[in-house]
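Notes follow the structure.
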Amino acid sequence: MVTPSRVGRTGGTGPCALPEVSVFGPNVRCRKKVHSATFVGGVTGMSGGKGSHVSQQAETYETYVRPWLGGLLRSLRLDVSYTRAEGNWLSCGDGSGPARVLDAVGGYGANFFGHYHPALTDRLVRLVAGRVPVQAQGSIRSVTADLARELSRRVGGGVDEYVVTFASTGAEAVEAAVKHAELAWREGVAEHRQRLVKKSAQLVRQLPELDDAALRVLRQLGYTGDRRTRAALDHLIALNDRAAAGSPQFLALEGAFHGKTMGAVQLTHHDTYRGPFDQGSTRFVSGPAALAEQLRACRRTRYEVTVSGSALVITSRSFSAAAAFFVEPIQGEGGIRVLTPRRLRELAAAARAEGVPLVLDEIQSGMGRTGSFCFSEQSGVRGDYVLLAKSLGGGLVKIGALLVRRERYRHRFGEIHSSTFAEDDLSAGVALEALRVLDSEGLMTRAAATGRWLREQLEQLRRRYPGVLAEIRGAGLMIGVEFAGQSASPSRAIRLLDAQRLLGYALTGYLLHEHGVRVAPTLSNPNTLRLEPAATLSLEEGALLLRALESACEVIHKANAYRLTRFIVGATGGSRVADYRRDLGWDAHDPSLPQVAFVGHFITTSDMALWDPSFELFTSAELVDYLERVGPYLKAELTDRRTVVSGTGAKVQLNFLGVLASSRQMSRSIFGDGTRTRAMISEAVQESAAAGCVALGLGGYNSIVTANAQSLPPDHLALTTGNALTVGMGLRAVERAAAERGIPLESARFAAVGANGNIASIYSELMSDRVPSLLLIGRPGREEAIFKAARRVYARALKRIDAARAADRTAGLRGLAGSIFRHPSFQALADRTWPGTEDDIRRLHDALTAGPGEAPLSIATDLGGLARANLVLAASNSPDPLIFAGMLGPQPVVICDISVPMDTDASVRARRPDVTVIQGGVVRLPANPDFVIGGIPLEPGLSFACMAETVLLGLEGIRTHYSYGQISADQVETISAVAEKHGFVLGRPRLESSY
Ligand SMILES: Cc1ncc(COP(=O)(O)O)c(C=O)c1O
């Protein structure tokens, strides 16, 4: 990960705005080519070409069906397309994935019989061959009738009878249950009202006037009228109406999943799904006690009347505002969470005590998967309503069913609810056959036995890998394998996947590509993989599944993120899983210390091996591909925490937030619109502020893409790009190197590359005090910005000339001020008062440039002038090298390169060993000799200056933005003094070890 200050603020508007080959000469790499050929997608969110493995179908799916899911599947390489399914196996005939895949997902529980079970397939074919009517709505559906009777028998256990409403999907069956429950509740309320109204009419005739006792009771109920019975009873009816006003409540368990259609999603607990549509109709409870409490809160009172002798008797009765309580006996999507028999009985009892119907959603757990037809049977609990779908269709047809106990069933429901495709005899015929196969092949018993064996084996695995597997849950063939949180993994990549809830997806990809086994994370609990294979799973197939899971455990245990995720880029080979367990050296969070945050990204993709050592096994091309695929789906994440100690003894904790992107990707996000990158950085700012950080620094391109922090929304922490200290340290570096190389500053020729940027501009301004000749080089098309930098340099020199004149000490003028003052053209203009207007400076520049003699300050948009320079500042924001050996003159040269990645090409060191190249913006920390941030290519004890500036803000208690927008010379001097106070000195990294 990188952090150093990037230079300059670009105003580029698109890839075309890049400085290209033609400008910087033949040696410069063609960046445009690199960009378009190598990078697609990425942090910019730009779309581009796709990897060759992505099939046409995947692209069409992503374009026309589910763009979000398609993109996620592509990035995680789960974009395989299955072309054939049989038994427990799927195959990718189109090469998009493994040729044969063991299916342990089982259609999220819909495939209990295996793909194309022979008997079911045969029945389907025969039904079709026999031309069974599919579309015969509004007639007697005889096969459907048989199925309904059979379901009622199985669910009712010969004791209870159910009326069955058919649907096409699980969610539709849930919708029907919601609707029926609400209808029943409303009809119940209406029937009560009708009874009271009818009774009232009788009573008014019987007892036209109230007796004293009845009047007293009514007064207590807020009645203010006279003794007339009619008025008093109208009051009671109004009270009852008020108690039953509005819509009824529904109750469900925390973690529940009942589908995603509008009504069903109200009962689905996970906020991601319900949140945007929440109508507030459901109260979620954690267990029986909470249910009982919520049910008490749902109690309402209504009044009834009778006559005793000549007195009116008013009685109050409680009724529930709750229409139904929904429960999955085993929560599937919620992470395979089994309700113990006791718990389910307690829940059922609590609902029954209030007369609230119990709805058992057995859509995933039913049809024999757990060893009994419904899992709830094993607790002896029968639902008032029972829901079935998924495997009811034998894995071949779409069918769902709502069963309502006959005594609760509302006749009107058949009139007001129907669906075109429900009740078709083709689906019903297959479902009936599925019920027959369940018995004839003993599939329930088989599911129970295979499930028991699998769970036992998995439990043993958990004992061998306690840090990897947290829990094995489930019943029958509905098994949840929960992976332990990996926030303390020795692998940063695994920590990051865990923190961003992607570990389950990574495991899914790993098992698919490395072992040909298909599993899926549960939607609401992505660290839990669910295993819902078909009951026909053989022991050999089960053993294959177990071996694959064991190897996943080994990979995570050994912190081998390469092995876990290499499938993303299609890397293969090698069977031994290397052990990468290393101490990351994080410091524990110490809330008593000031906290600062720093957002960095990788300088080059090769630095990823410094971040996660196992990534050394990737080739460079694979690393590039890797970032392109996963980067866009990740946010900035805490990947390091270090306590930094000042020379004064004061301490600060530095929280490093890594962005999974390289400089190249980041630079492209500048030329794209950068919206996504900015949003990600803004989120990091908000989270850091919420976590109590007092300052946040922006490393590398993060500062450029946010216009030097200015485009970030205001928050309660100090923002900085760290540019001021970067300049301060860069100045020291060049002075020191010039002295060592015997280059006198008084006669040096200084050139700044990247002069249109913030850093080079301020650096040049300060350098102009020391050197007589400056060349400012910037990107073409940015002439105005380069001239703006030149104007600042001129203004400073002219101010010094004025001051010298006033003190009558012009003879002692050094640096640019001296060479301007002594230039013949300036002498011709010398009666002017400086600094003048912008136009004056432009005229001065033109006069000095026109000659006679050499211009003290020149401007260029090409690198030709470098040949004459002996001090060079390299501070561009290019992700690729710009300064090549052939561009430099024969004289001794010092290059101070504060660009990250460096602007100086490796050819300079190879072919010009006499040229001193120093990395300018690096600081040595006074009391942290072991300081390293994973992913930053610096030796221990060194920090990039921008990060050091962030730390200094924390140490000094500076709570206002510092290097924010354009920085000033004063800021450079102030922060340099602060650095000195804390013992932060210029670092001299060995270049061999740098990027
Ligand atoms: C318990 C439960 N209820 C309802 C549903 C919704 O079923 P469908 O996806 O067929 O709409 C599901 C789906 O996973 C489920 O598991």
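For this chain, numbers begin at 1 and follow the sequence in order. Both ligands and their constituent atoms are indexed starting at 1 by order of listing.
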Checklist entry - At what distance is the nearest protein heavy atom to atom 14 (O) of ligand 1, and which residue and atom is it? => result K390 NZ, 2.7 Å
Checklist entry - Is the closest side-chain donor-acceptor distance between S419 and E172 under 3.5 Å? => result yes
Checklist entry - Is the ring centre of Y385 less than 6.0 Å from the ring centre of H180? => result yes
Checklist entry - What is the closest protein heavy atom to atom 10 (O) of ligand 1, and at what distance does it sit? => result G170 N, 2.9 Å
Item to check | Nitrogen or oxygen of E172 less than 3.5 angstrom from that of ligand 1 | outcome: no
Next on the checklist: If only side-chain N and O atoms count, and only distance matters, is there a donor-acceptor pair under 3.5 Å linking R274 with Q266?
Outcome noted: no
Checklist outcome for this item: When rounded to the nearest 0.5 Å, the distance separating CZ of R462 from CD of E471 is 8.0 Å
Next on the checklist: Tell me whether A171 has any N or O atom under 3.5 angstrom from an N or O of ligand 1.
Outcome noted: yes
Checklist entry - Does Y108 come within less than 4.0 Å of ligand 1, judged by its heavy atoms? => result no
Item to check | No-hydrogen, no-angle side-chain donor-acceptor test under 3.5 Å, E541 and N88 | outcome: yes
Checklist outcome for this item: Within the 4.0 Å heavy-atom cut-off, what E333 brings close to ligand 1 is side chain
Checklist entry - Does a donor on one side chain and an acceptor on the other come within less than 3.5 Å for Q57 and S81? => result no
Checklist entry - Identify the closest protein heavy atom to atom 16 (O) of ligand 1: which residue and atom is it, and at what distance? => result Q364 NE2, 2.6 Å
Next on the checklist: Checking a contact table here: which protein heavy atom is nearest atom 3 (N) of ligand 1, and how many Å away?
Outcome noted: D361 OD2, 2.7 Å
Checklist entry - Taking distance alone, with no angle check, do V174 and ligand 1 share an N/O pair under 3.5 Å? => result no
Checklist entry - Should you measure from each heavy atom of F257, which atoms of ligand 1 turn up under 4.0 Å away? => result 1 (C), 2 (C), 3 (N), 12 (C), 13 (C), 14 (O), 15 (C)
Next on the checklist: I'd like to know if the side chain of T522 pairs up with that of N525 as donor and acceptor (distance under 3.5 Å, no hydrogens or angles considered).
Outcome noted: no
Checklist outcome for this item: For E328, the atoms of ligand 1 under 4.0 Å from one of its heavy atoms are 1 (C)
Item to check | Residue pair D94 / T83, side-chain donor-acceptor N/O under 3.5 Å | outcome: no
Next on the checklist: Looking at non-hydrogen atoms alone, which of I363, L267, T268 comes nearest to atom 4 (C) of ligand 1?
Outcome noted: I363
